[in-house]
J.: 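Shown below is the structure under consideration.
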Amino acid sequence: MTKVKGILNLIAFIFTILIVLYGLTKGFDTLELFMHLIYFGVLILSQIENLKEVIYK
């Protein structure tokens, strides 16, 4: 994994957290909330895979 890819993944992760927190405070409709939570879960899983790749390399 390149350093740039890692930085971009980190930025996407932080923005996703901010989007979910903003939506929880301002109010999401149910469908929008589930879409963001699914995306957030996929992003967490991809970060875990990236960490595994770095640790076990």
J.: Please determine whether residues Phe13 and Ile48 belong to a single hydrophobic cluster, defined as Ile, Leu, Val, Met, Phe, Trp and Tyr linked transitively by side-chain heavy-atom distances below 4.5 Å.
T.: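 Phe13 clusters together with Ile48.
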J.: Give the cluster check for Leu18 versus Leu10: same hydrophobic cluster or not, with ILVMFWY residues linked at side-chain heavy-atom distances below 4.5 Å.
T.: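 The answer is yes; both residues are in one hydrophobic cluster.
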J.: Transitively linked via ILVMFWY side-chain contacts under 4.5 Å: Ile11 with Ile14?
T.: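 Yes, because Ile11 and Ile14 connect within a single hydrophobic cluster, where side-chain heavy atoms sit under 4.5 Å apart.
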J.: Are Ile17 and Ile44 connected, step by step, through hydrophobic side chains (Ile, Leu, Val, Met, Phe, Trp, Tyr) whose heavy atoms are closer than 4.5 Å?
T.: yes
J.: Is there a side-chain contact between Ile19 and Phe40, using heavy atoms and a 4.5 Å cut-off?
T.: no
